Each structure stands twice: as C-alpha cells, then as structure tokens.
Amino acid sequence: MLSGKKAVITGASRGIGKAIALKYAENGADIAVIATKESSEALATIKELTSLNVTARLYVCDVKDADQVESVAQEIIADFGGVDILVNNAGITRDNLLPNLGVNDIDSVIDVNLKGTIFVTRSFIRNFVRKRNGSIINISSVVGLMGNKGQTNYAASKAGIVGFTKSVAREYGKKNIRCNAIAPGFITTEMTAALGESQVEEMKKMIPLGKLGRAEDVAKLALFLGSEESSYITGEVIKVDGGMYV
Ligand code: NAP
C-alpha cells in the first residue's frame, strides 16, 4: 500500500508512533523516526523496522526546538530524497487540576504537542509543495474535542492541533497536500500505564466497546490516511476511541 513511499514519524521510538512506523514499514514505506534520544527503545525500533526490509533511520530531535527541527528536516529530505508522508505524533502530558498547573507544565505541553506539530510541518511543507503531493497526519486526542478534568493544558494543545490541521488542509489543498488528524481515545501505551487498576475500570465504563484501544488500532487509520486510499479526504478529524465520545 505504501511501496516506495518515505514517511517521517515523530515520537516513533515507542507507543502509538512505533505502531504506525511498523504498520507503514509492513506496507513497504521507508521510515525516518524522530525521538528525543538514542534510547535502547528507539534503537530496538529501528532494528525491528529494518528487519521488514525497508530503510529506517533514527533522528534525534526535540520537536519544540524550531532550529533543531529545521536542520533535521533538511537532513531527512537529503537522506531520503524527499518525503511523502509526515506523522506528527510526538506528545507529552503534565496532568493536574488547573490551580496546580505550574507554568512549566503549561509551557512544555503546548510547546511539544502544539508548537512541535507546527514547527515540524512548517519545516517539511516546501518538500510537499515541490512534490505536489503529500499526506500530513496529526495525532490529536479525543480529549481535545470533549475536554477532560485534570487535562486543561493537554486538551488545549490537542484542540489547537485540530485548528492547525484544518488550516493546513485549506492552505495546501490546491497543491494536492492533504492534512488530517486522528483523535485517539484511551490507548494502552506508556502514557496511560501510570493509571491505576480502578481508574482503568472506571474508563472502561465510559467506552461503549468496553475496552481500551491498542496502538495498532490507531496505526490502521494512519495507514489509510497516509495512503492513496484516502486521496479525497482532507481537513478531517477522525476518532479512534471505541465510541467514548459519540
Ligand atoms: P508515549 O508512549 O509516551 O510516546 C511518546 C513519544 O513521543 C516517544 O517516542 C517520545 O520520544 C516522543 N517525544 C516526546 N517528547 C518529544 C519531543 N519533545 N521531541 C520529540 N519526540 C518527543 O506516548 P503515546 O501514548 O504513544 O502517544 C503518542 C501520541 O498520541 C501523543 O501525541 C499523545 O498525546 C497521543 N495520544 C495518546 C493517547 C493514549 O491513550 N496513549 C490518547 C490520545 C492521544 P522519546 O522516546 O525520545 O522520549
């Protein structure tokens, strides 16, 4: 489905980003993985990807640093000879009730989740314009659509991604560049591993399908949106949440 395509995925060392990278590689795409460090997890991911007979390379970059993003983007474009798909997946949480949120909790979440998505997209957009083709997929969250107690900073960053996605879709549609967002619900990854057993049980009650999602569930939609199968879809926000927010 993605044979000959080149994809950049931020935050692909683990979790949802890794699942998307594996799904893309299984479908023939070469992958540039962006992560904050050359961790053993990140290196293991590269090993798994290359075992699928595609090219996969790790690029260390903090997406909230615009200068780092620009130089890594140029490096990736040169190494891969251009890019066809960008997945803005890197994200963090710093949850707390509003009065207890420190300035750093607010800044870091907005900086990584929202500004990081804007910086990375800005640094790759000329590449897509030159190709007159491209698919950009931003990982938002169902929380950005419905809100959530204890996640005001995170929900604001993810709602911002929705506005950004629709604006990119409008600004670049004529250049045949599509931009869509995925809004996952509760997906089992390191990000949600901190939740206690009772919290998970409470959550399940809110989900019509009665279970948490898997990173693979998000990856399946990312494959569709990255491929030509979705060639007439842009500016959309699609939930993968087991019906949590209907
Ligand atoms: P995760 O397991 O915590 O993985 C986060 C990834 O982002 C890691 O690869 C990490 O790289 C990378 N990252 C973090 N800060 C970064 C930075 N400043 N620059 C570059 N990379 C950075 O998270 P996840 O659960 O897979 O979540 C992935 C995305 O889905 C996030 O945007 C998250 O908000 C969203 N999401 C998750 C859920 C869920 O239930 N899990 C639900 C809705 C939305 P390192 O390994 O180098 O730290």
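Each ligand, and each atom within it, is numbered from 1 in the order the structure gives. These numbers come from the heavy atoms of this one structure, side chains and all, not from hydrogens, waters or symmetry mates. Keep in mind that this is a model prediction, so the values were computed, not measured.
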Neighbour count above 12 (heavy atom, 6.0 Å) for [X] [atom1]:
| X | atom1 | result |
| --- | --- | --- |
| Lys64 | NZ | no |
| Lys211 | NZ | no |
| Lys115 | NZ | no |
| Glu201 | CD | yes |
| Glu38 | CD | no |

With a cut-off of 4.0 Å, which atoms of ligand 1 are near a heavy atom of [X]?
| X | result |
| --- | --- |
| Gly15 | 2 (O), 26 (O) |
| Asp62 | 17 (C), 18 (N), 19 (N) |
| Phe186 | 40 (O) |
| Ser140 | 44 (C) |
| Ile92 | 14 (C), 15 (N) |
| Tyr154 | 33 (C), 34 (O), 35 (C), 36 (N), 43 (C), 44 (C) |
| Ser13 | 8 (C), 9 (O), 11 (O), 45 (P), 46 (O) |
| Gly185 | 38 (C), 40 (O), 42 (C), 43 (C) |

Short N/O distance, under 3.5 Å, between [X] and ligand 1?
| X | answer |
| --- | --- |
| Asn113 | no |
| Ser141 | no |
| Asn89 | yes |
| Ser39 | no |
| Gly17 | no |
| Glu41 | no |

Polar side-chain atom of [X] near backbone of [Y] as donor-acceptor pair, under 3.5 Å:
| X | Y | answer |
| --- | --- | --- |
| Asp111 | Ser108 | no |
| Ser135 | Ile85 | no |
| Thr93 | Asp95 | no |

One thing to verify: whether Lys18 and Glu48 come together as a salt bridge, which I'm taking to mean a side-chain N less than 4.0 angstrom from a carboxylate O. yes
May I ask whether Phe80 and Val72 are part of the same hydrophobic cluster, defined by side-chain heavy atoms of I, L, V, M, F, W, Y residues being less than 4.5 angstrom apart, directly or through others?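 Both belong to a single hydrophobic cluster.
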Would a single hydrophobic cluster contain both Ile182 and Ile31, if residues Ile, Leu, Val, Met, Phe, Trp and Tyr are joined by side-chain heavy-atom contacts under 4.5 Å?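 Linked, Ile31 and Ile182 end up in one cluster.
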Is [X] touching ligand 1 with its side chain, its backbone, both, or neither, if touching means heavy atoms under 4.0 Å apart?
| X | result |
| --- | --- |
| Ala12 | backbone |
| Val112 | side chain |
| Lys158 | side chain |
| Val63 | both |
| Cys61 | backbone |
| Ile187 | both |

Could you establish whether Gly116 and ligand 1 come within less than 4.0 Å of each other, counting only heavy atoms on the residue side? no
Heavy-atom contact under 4.0 Å between Thr10 and ligand 1?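 Thr10 does not count as a contact of ligand 1 under the 4.0 Å cut-off.
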Nearest non-hydrogen atom to atom 16 (C) of ligand 1 belongs to which of Thr36, Val109, Thr189?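 The residue whose heavy atom sits nearest atom 16 (C) of ligand 1 is Thr36.
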Is any side-chain heavy atom of Val63 closer than 4.5 Å to a side-chain heavy atom of Val112? yes
Within the structure provided, determine whether Val54 and Glu26 are in side-chain contact (heavy-atom separation under 4.5 Å). no
Do Asn138 and Thr165 get their side chains close enough for a donor-acceptor pair, meaning under 3.5 Å?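 Distance-only check passes for Asn138 and Thr165.
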Among all protein non-hydrogen atoms, which one is nearest to atom 43 (C) of ligand 1, and what is the separation to 0.1 Å?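 Answer, as residue, atom name and distance: Pro184 O, 3.4 Å.
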